Structure formats: structure tokens, C-alpha cells
Amino acid sequence: GIRWDVSAGAGMNDVDFFIRNTVNASLGSATPTAFDPGDYTQVEQMINLDFGYSPSDNTNIAFGAEWRNEQFEITVGQEESFAIGVLADQGFSAASNGFPGFSNIAGGVFDRKNISLYVDGEWEPTEKLLLGAAVRYEDFDDFGTTTNYKVAANFRITDNFGVRGTVSTGFKAPTPGQSNAFNVSTEFDLVLNDLVNNGTVPSTSGPALLRGGKPLEPEESTNFTFGTFFNVGGLDVTVDYFQVEVDDRISLTQDFALTPAEVDQLIAEGITSAGNLANFRFFANDFDTETKGFDIVATYPVEWAGGDTVFGLSFNKTDTEVVNPGTNIGATRIREYEEGLPETRYNISANHNMGDDWRFLVRASYYDDWYDSEDGNVYDGEFLVDLEAAYSINDNLGVVLGAQNAFDTTPDENPGAASGVGNRYSQFSPFGFNGAFWYLRVTYDLL
């Protein structure tokens, strides 16, 4: 009576950087005008063993194990992309301008392995009550061990009304990339109204240590949900409240200005482009957050217009507050977490089926306002409309014609774009900035 499943997976993602039409000014006339700055490569492997067993009709037990390996590699770029040329002493910038390459010291392979064990149980003592509990143990070779749990209950008080809730803890270890990545890029500074080089350095590099940097630690969370579900006639409704508290969140710090001594220290550590850096930042466990909100989902079917229509409503309101901020997060970063995403989001839809052949969908979505830290603006909320029509030619062949954002809605334009110093639209728009997307899809079912 034991059910089992064995799986293995492997994946690789490679980012190959290149930059053209630029120079390493410190090399003088010997500089190339195109550079290979190097690569970022992430490789992962995992093996899972999962088992299930039902001792009785109202009880189920699951247990299993997982092994996972994560590997992050920084491939060194061509020498000219990070070299400090003979003209550097005269004030000419070193490394490839715009995006310096990864030096020999910055390059390397950083990996982490972990194993985990879990057990999960569900028990239905009555037809109206379902109880569940789970515990998971993980052992990381660089962060030690962690144990997390979840307890859940679902109680159907009547045939048309019930309540449910969960309490759980969570854990997120920093990735090898967050702990070790070097990155320098040219960005527009709103204060200086000019282009500057900003760098992201490891939290254990010399300048980061002077600003409170230290080896990254895992994030830990406590999660709580409570909700109700009920139906009145054909109307089905669920309402759920949620609260998520995350301690020691991992995030980039604010930008710090470099002193001449710190520039020399970064160069010694292998960031040869530090001579051109105006600011630097690093990943840190620097604050906690509390996120609270609720979800409402409702559906209502109606027979009319020669078919059946299901009307739907999905509503979400979420509020995040930064608590216990450290000294390195900064006011801008706090505002990003608290206002960078819409506080309110909902959509209303109608999905109409006419017989076995035709289906029509109309959906209106609303996104509340949001804050863009790059240009310092708050953008107004917007409504978007999606349309779709589908026709089944026969039991196997079908055609779908649709439009996402059918009325070509875009965010308000960035006021700074008029002077040529920024994007036309906010790149952090929650619904994108590409306007309408029309599609034609043909489906064929082989079975």
C-alpha cells in the first residue's frame, strides 16, 4: 500500500555579457572597442524521494528526502575588460567603460549542497474536519541546519459554510550568487544628474565590512492564515486573511560613496574598475518585514444568451511594513518595499460558453498606484481589459483569438523622460509597458 515517486532534475542558466562601442581609456590607443566581460553561470542538480501511505480511509502519511546542489560561477572576462592601463595614473578610467569585466580575483566557482527530510500527515476525524501537520529538516553545508513546520485545519461547519487556517514557518538561504557576486554598471544618478559607476560587492569585502557588512545569514519567516468559505445558491465565496513576518531579510543596501582609501582596497581585492566607482552596495540581512492582507475570490454561474456564463471576482489587498530597519537599508529602499507594489489589485471576469463550440472571455483588471525609486515618482493605478474568443472546429481542433490589454493601456509617462534622462515608462510597472498584445492560437488534441 505504499506509494512512491523518485525524480531527478538538473538545470543550467548562463548569462554571457558583452559590451561594444566603448573603450578602456587607460589603455590609450591599444584599447579594443568591443569586450567580453565574462559570464555568470548557475548550475543546479537535485534528487527527490517521496513516499505516501494511508493507514486508514481517513488518514494519510507522506515522507521523503531531497538532495540539492547549487553552483554559481563567475567566468573571468578578457584581460582588457578589467585591466588598469598605463594611462590610469593620468586620470583615464580603467576597465571597459559602462560594464567592467570580471577580474581574475573576482572569478571563481562557489557551490553549496544541502539535504532535507520531511514528514507530513493528514487526518479526517469527522466528515467535516480535516487536520494536517508537516515538519521539514534541512542541513546546509555552509549555514547549518533548520527545522520548519506547518499546522493546518479545515472545518466545514455546515454544508454551505466553513472555516480554515494555517500556521507555518519558512526558511530561505542566500544564494551563492548573492554571497559572492561582483558587478559594476553605469547608472543615471538623479541627484548628480549624470552617469556614474555603481558597484555591487560581496558583503565580506573590505569596504562592505566598514559599513556593517558580514557573511549573509538565512531569512526566516512565520506565516499565519485564517479564512472562511461559503456558498449562497450558486454564489461561491472564499475570504482569507494572511500575515507573513520575515526576519533578517536579504536585500541590497543603499548606495555608499567610496573614499580614496576604499577605492585602493577594492582594487587590491580584484575590482580593478573601482577607480571609476562613485558608489557601492552589497547584500545584507538588514531588516524585518510584516506583510498583512486578505484575498476574496467569488464565482457565480448564470444561464443566459444561449449558454452558461461564470462571473468571477478576485480581490487582493496587501500591505507591507519594514520593521527593525538596520543602518544600511536607507529610506529609498524602505519605500521600495512598502510602496513599490500596488496595495490593491483585483479583476472581474465573465467566461461564457455557448454549447460545445464557442467560448468568450472578458476580464477587467485594476492595479493600484505604485512607487518607482529610479525616478522618484508615484504612478497612478490603471484598468486593463483582456478579451478572448475560442471556437472548437471538431473534437480535436480548436482556434483561439485574444488580446491582453486590448485597449493598449500604458503607465503614465516618466516626467524625466522628456529631457532624455530616463525610460519613457516606469520599468517597474506591475502590468508592463508594452501595451496591447494580440494572439492567435491553434490547438490540436492528439487523444
Side-chain angles (χ1 to χ4, degrees), residues 1-17 38-56 58-76 102 106-124 130-152 166-183 202-204 215-223 225 244 246-251 283 285 446-447:
I2 293 181
R3 306 176 300 277
W4 59 271
D5 181 271
V6 178
S7 62
M12 187 273 286
N13 186 302
D14 180 77
V15 180
D16 182 11
F17 295 99
D39 290 57
Y40 281 155
T41 306
Q42 176 82 6
V43 178
E44 298 181 7
Q45 303 97 20
M46 69 170 186
I47 299 174
N48 277 284
L49 305 173
D50 298 288
F51 302 90
Y53 178 65
S54 299
S56 64
N58 61 351
T59 307
N60 186 72
I61 298 173
F63 55 95
E66 180 181 70
W67 171 88
R68 186 168 65 248
N69 179 52
E70 300 173 78
Q71 177 179 289
F72 178 73
E73 179 178 4
I74 302 176
T75 302
V76 175
F102 306 128
V109 178
F110 314 95
D111 63 358
R112 179 180 66 212
K113 298 178 176 64
N114 78 293
I115 59 172
S116 61
L117 306 170
Y118 76 91
V119 61
D120 172 280
E122 291 185 339
W123 178 40
E124 198 172 21
L130 175 64
L131 303 174
V135 62
R136 182 182 180 96
Y137 167 86
E138 296 199 46
D139 185 1
F140 291 80
D141 61 7
D142 53 354
F143 292 105
T145 63
T146 178
T147 302
N148 295 284
Y149 68 87
K150 179 177 181 178
V151 178
T166 63
V167 177
S168 64
T169 61
F171 173 88
K172 178 182 180 294
T175 67
Q178 289 174 321
S179 298
N180 299 284
F182 290 81
N183 188 299
S203 61
T204 53
L216 295 178
E217 299 176 354
E219 298 179 344
E220 295 181 345
S221 67
T222 302
N223 317 284
T225 69
V244 182
V246 184
D247 296 332
D248 298 323
R249 285 197 68 155
I250 300 171
S251 175
F283 284 99
N285 302 95
L446 297 175
L447 301 178

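Residue indices begin at 1 and follow the sequence shown. What you see is a predicted model, and the numbers here were worked out from it, not measured in a lab.
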> Taking only residues two or more places apart in sequence, or in another chain, which ones meet Ser179 in a side chain to side chain donor-acceptor pair (under 3.5 Å)?
Replying inline: none
> Considering all heavy atoms of both residues, which atom of Phe72 and which atom of Pro176 are nearest to each other, and what is their separation?
Replying inline: CB-CB, 3.8 Å
> Can you find a heavy atom in the side chain of Glu73 that is under 4.5 Å from one in the side chain of Thr75?
Replying inline: yes
> Can you name the residues that form a salt bridge (charged side-chain N to carboxylate O under 4.0 Å, His left out) with Lys172, not counting sequence neighbours?
Replying inline: none
>> Quick check: closest heavy atoms across Pro218 and Asp248, and the distance to 0.1 Å?
In response: O-CB, 3.9 Å
>> Test: salt bridge (charged side-chain N to carboxylate O under 4.0 Å, His left out). Region: residues 38-54. Which pairs qualify, not counting sequence neighbours?
In response: none
> Does the Asp111 side chain pair with the main chain of Gln71, one donor and one acceptor, at a distance under 3.5 Å?
Replying inline: no
>> Please determine whether ring-ring contact (aromatic ring centres under 6.0 Å, His included) holds for the pair Phe17 and Tyr40, giving the CA-CA distance in whole Å, both sets of side-chain angles, and the decisive distance to 0.1 Å.
In response: CA-CA 8 Å; Phe17 295 99; Tyr40 281 155; 5.3 Å; yes
>> Ignoring hydrogens and geometry beyond distance, is a side-chain donor-acceptor pair present between Asn114 and Glu138 at under 3.5 Å?
In response: yes
> Looking only at heavy atoms, which two atoms of Ile250 and Pro174 are closest? And how far apart?
Replying inline: CD1-CB, 3.5 Å
> Who pairs with Asp247 by side chain to side chain donor-acceptor pair (under 3.5 Å), at least two apart in sequence or on another chain?
Replying inline: none
> Do you know which two heavy atoms are closest between Asp16 and Gly38, and how far apart they sit?
Replying inline: OD1-O, 3.9 Å
>> Could you check whether any side-chain N or O of Ser221 sits under 3.5 Å from a backbone N or O of Gly170, counting only pairs where one atom can act as donor and the other as acceptor?
In response: yes
> Are any non-hydrogen side-chain atoms of Asn48 and Trp67 less than 4.5 angstrom apart?
Replying inline: no
>> Can you tell me how far apart CD (Gln45) and CG (Asn69) are? Round to the nearest 0.5 Å.
In response: 5.0 Å
> Will you find, in the side chains of Thr169 and Thr222, an N or O donor that is under 3.5 Å from an N or O acceptor?
Replying inline: no
> Do Leu216 and Asn285 have side-chain heavy atoms sitting under 4.5 Å apart?
Replying inline: yes
>> Just so I know, are the side chains of Trp123 and Leu131 near enough to count as touching, which here means a heavy-atom distance under 4.5 Å?
In response: yes
> Atom OG in Ser251, atom CZ in Phe283: separation rounded to 0.5 Å?
Replying inline: 7.5 Å
> Which residues pass the salt bridge (charged side-chain N to carboxylate O under 4.0 Å, His left out) test with Asp142, sequence neighbours left out?
Replying inline: Arg112
> Can you tell me how far the CG atom of Asn148 sits from the OG1 atom of Thr146, to the nearest 0.5 Å?
Replying inline: 4.0 Å
> Are any of the side-chain heavy atoms of Val43 and Thr41 separated by less than 4.5 Å?
Replying inline: yes
>> The criterion is salt bridge (charged side-chain N to carboxylate O under 4.0 Å, His left out); which residues satisfy it with Glu66, sequence neighbours excluded?
In response: Arg68, Arg136
>> With rounding to the nearest 0.5 angstrom, report the CG to OG distance, Leu49 to Ser7.
In response: 8.0 Å
>> Under a plain distance cut-off of 3.5 Å, with no hydrogens placed, do Asn60 and Ser54 share a side-chain donor-acceptor pair?
In response: yes
> Under 3.5 Å, side chain of Thr225 to main-chain N/O of Thr166, donor-acceptor pair present?
Replying inline: yes
>> Tell me if the aromatic rings of Phe140 and Phe171 count as close, with their centers under 6.0 Å from one another.
In response: yes
